[in-house]
Visitor: 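Handing you a structure now.
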Amino acid sequence: MNAKNKLLGTVYLFFYAFLVLLPIIILLLGPTLPTRPTLLEISVSFGFIGLSMMALQFISSARFKFLNRPFGTDIVYHFHRQMGIASSFFILAHPILLYVVDPRLIEAQNNIQSALRIELGEFAIFLLIIVVWMSEWRQKLKIPYWIWKFWHGILATVMIPMALAHIFIGGTYTNTPLKQAVWIGYSIILTAVLVYTRLIYPIRLMRKPFRVKEVKEERGNVWTVKMEPAGHPGFVFQPGQFGWLTAWRTPFSDSEHPFTIASSAENKQEVQMSIKNLGRFTSRIQTLKAGEKVFLDGPYGNFSIDRYPEAKKLVLIPGGIGITPIMSTLRTMADRGDQLPVKLFYCNILWDDVTFREEVAELEKELNIEVIYVIERPPENWHGESGFLNAQILDKYLDESWKEKGVEVFLCGPAPMMTAVERALLKVGYDEKQVHSERFALV
Ligand SMILES: Cc1cc2nc3c(=O)[nH]c(=O)nc-3n(C[C@H](O)[C@H](O)[C@H](O)COP(=O)(O)OP(=O)(O)OC[C@H]3O[C@@H](n4cnc5c(N)ncnc54)[C@H](O)[C@@H]3O)c2cc1C
């Protein structure tokens, strides 16, 4: 992270902490409430902290580019997930502590207003438990991603107004204009984010469609979709960045998938994505026809050599379909005539499935690059490296001049490979700041 992004990131984090604590700050600044048990006040504070964190979740998931810039999209999604869990603890602590103070505080009331307030609070907590449970257990429960995403959005959108109503109906914490302003402010921000994500953002994408030029089969069950901007100049991206692709539907359907832009960043007239057939959406890619309209939102991500203009050498380590950001990097370097020394460790299970291996051979003639193939199950008479990439293989090809400050390492592949290679890189002497990783899983 460069100094500017570090500063921006720190400012965002402080602002986040300020917004989370704002309801409590206003409470402390406002007129003193009649003395009540400390535990009760702590319980209410936890409820407020949890709710403001939950409300801010809408911002961290809205894919605002200004937020992604300093941290990277994966970190923002990770933050979203961790804050979701943390806020649930605060929110759940609220009724538990109330019960400890006096069980009657959360029991059914005769007074209609109090009864409604308690029921709204309880129902919001019930929805929260479902949201967190579905998110944490999605893969174990084998809930398809798109079903999870649909319900995640709906339940979260219903839950927050209920929690806000729970606070407003109580009255105690909205009894001054300043306190009301905080919660009304939150409600306005939430509504604005929802209008942006559900209406403005899709309309903006609709206005800038892309047209499929060609769909081409590659080695390894991968299909390359070539697209061109339809009636607009396209977008500028850095090699290694990714975009969200919507096909067969409009952007209002909220059904986009993330894929790396595998083409050269120097060619804005054509965007290529190379997509491995792995599931519901990716298995249909090969049926896309030339001339079909698709929608692309991008660019996103920080996995780019352009973020390290001072780099002296590059070590690129793709595994399987993790080659896509690396192809974009190599193609861009070739277009730029960039002769930076590169070592490419390309890991695959089978030699026959090595996507783009013919093009990599062509790029070897243009670039200052040494390519080392690491094949898990190599063919007979194989002369390259076999098995998994490990510290021994890295040491064989990388002398000390390849580990100095200024050598940047880019790693992208399946999760188990990345964990093992990250460990091996540290073992052979790389500083973790030199190692940049891209995981093809945001959630
Ligand atoms: C930054 C990034 C870059 C990527 N680049 C490439 C690439 O260049 N080439 C490539 O083949 N794959 C890439 N992927 C992976 C690709 O996004 C998934 O393989 C694809 O979305 C799976 O969709 P599916 O419906 O075919 O599979 P499914 O079987 O439905 O889903 C498999 C898994 O993919 C993830 N996933 C599914 N749908 C979505 C979605 N809409 N949004 C986010 N995640 C989802 C979920 O974790 C899910 O469990 C990238 C992923 C990320 C995060």
Side-chain angles (χ1 to χ4, degrees), residues 61-63 65 68 71-78 80-81 134-153 197 205 215-227 237-249 251 253-265 271-288 294-304 318-331 348 353 355-356 410-415 417-418 436-443:
S61 65
R63 249 191 268 148
K65 286 198 176 120
N68 289 324
F71 307 108
T73 313
D74 51 345
I75 304 281
V76 173
Y77 273 99
H78 188 69
H80 176 84
R81 184 175 170 193
M134 272 180 79
S135 303
E136 287 307 299
W137 288 75
R138 175 180 71 85
Q139 279 168 339
K140 281 195 189 112
L141 294 170
K142 299 204 179 352
I143 302 173
Y145 179 87
W146 62 277
I147 293 185
W148 165 79
K149 192 178 171 204
F150 176 78
W151 284 107
H152 188 78
T197 50
L205 282 185
V215 180
K216 186 173 163 236
E217 186 171 6
E218 314 278 2
R219 285 181 182 277
N221 205 10
V222 172
W223 297 79
T224 292
V225 186
K226 296 185 180 176
M227 296 158 277
F237 63 95
Q238 295 178 339
Q241 287 193 296
F242 70 96
W244 292 85
L245 173 68
T246 303
W248 305 292
R249 290 165 168 219
S253 62
D254 192 22
S255 61
E256 68 271 270
H257 288 248
F259 297 104
T260 307
I261 305 163
S263 43
S264 165
V271 176
Q272 289 184 27
M273 288 176 161
S274 293
I275 298 175
K276 192 164 179 87
N277 175 356
L278 285 176
R280 190 170 178 263
F281 180 82
T282 49
S283 60
R284 284 184 70 198
I285 280 297
Q286 53 193 285
T287 68
L288 268 175
V294 291
F295 301 94
L296 269 188
D297 176 28
Y300 291 93
N302 290 351
F303 188 71
S304 178
I321 191 61
I323 187 66
T324 51
I326 304 303
M327 274 320 276
S328 173
T329 304
L330 298 179
R331 286 165 171 162
N348 277 278
D353 286 348
T355 316
F356 302 123
F410 290 83
L411 169 65
C412 180
M417 169 207 157
M418 292 188 57
H436 316 290
S437 304
E438 176 86 312
R439 284 168 203 273
F440 278 0
L442 295 175
V443 278

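For the numbers below, each heavy atom of this structure counts, side chains included, while hydrogens, waters and symmetry mates do not. All ligand and atom numbering here is 1-based and tracks the order in the structure.
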Visitor: Working to the nearest 0.5 angstrom, can you tell me the gap between Glu438 CD and Leu411 CG?
Guide: 10.5 Å
Visitor: Using a 4.5 Å cut-off on heavy atoms from C-beta on, say whether the side chain of Phe410 contacts that of Pro325.
Guide: no
Visitor: Using a 4.0 Å heavy-atom cut-off, say whether Phe281 meets ligand 1 through its side chain, its backbone, both or neither.
Guide: both
Visitor: Just to verify, what does Lys149 make a salt bridge (Lys or Arg N to Asp or Glu O under 4.0 Å) with, not counting sequence neighbours?
Guide: Asp254, Glu256
Visitor: Checking the N or O distance criterion of under 3.5 Å, is ligand 1 in contact with Tyr145?
Guide: yes
Visitor: Below a 4.0 angstrom heavy-atom separation, can you tell me which part of Ser255, side chain or backbone, both or neither, approaches ligand 1?
Guide: neither
Visitor: Regarding atom 21 (O) of ligand 1: of the candidates His257, Gln272, Arg280, which has the closest heavy atom?
Guide: His257
Visitor: Looking only at distances, please establish whether an N/O atom of ligand 1 is found under 3.5 Å from an N/O atom of Trp244.
Guide: no
Visitor: Hey, can you tell me if Trp148 and His152 have their rings parallel, tilted or perpendicular (30° and 60° cut-offs)?
Guide: tilted
Visitor: On the 0 to 90° scale, with breaks at 30° and 60°, tag the Trp248-Phe281 ring pair as parallel, tilted or perpendicular.
Guide: perpendicular
Visitor: Starting at OG1 of Thr324, measure out to CD1 of Ile326 and round the result to the nearest 0.5 Å.
Guide: 8.0 Å
Visitor: Would Ile275 count as being in polar contact with ligand 1, using the rule that some N or O on each side must be under 3.5 angstrom apart?
Guide: no
Visitor: Contact between Pro144 and ligand 1, counting heavy atoms under 4.0 Å?
Guide: no
Visitor: Under a 4.0 angstrom heavy-atom cut-off, which atoms of ligand 1 come close to Thr324?
Guide: 7 (C), 8 (O)
Visitor: Nearest non-hydrogen contact with atom 28 (P) of ligand 1 belongs to which option: Gly279, Ser283, Gly240?
Guide: Gly279
Visitor: Hey, which atoms in ligand 1 end up nearer than 4.0 Å to a heavy atom of Ala441?
Guide: 53 (C)
Visitor: What I want to check is whether the side chains of Glu218 and Thr355 have a donor and an acceptor closer together than 3.5 Å.
Guide: no
Visitor: Just go through Ile321, Ile285, Thr282 and tell me whose heavy atom is the nearest to atom 22 (C) of ligand 1.
Guide: Thr282
Visitor: With heavy atoms only and a cut-off of under 4.0 Å, state how Arg138 meets ligand 1: side chain, backbone, both or neither.
Guide: side chain
Visitor: So, Ser328 side chain and Ser263 main chain: donor-acceptor pair closer than 3.5 Å or not?
Guide: yes
Visitor: Nearest non-hydrogen atom to atom 6 (C) of ligand 1 belongs to which of Phe303, Tyr77, Phe440, Trp148?
Guide: Phe440
Visitor: Is the closest heavy-atom distance from Met273 to ligand 1 below 4.0 Å?
Guide: no
Visitor: Would you list the pairs meeting side-chain hydrogen bond (donor to acceptor under 3.5 Å, both in side chains) in which at least one residue belongs to residues 275-284, sequence neighbours left out?
Guide: none
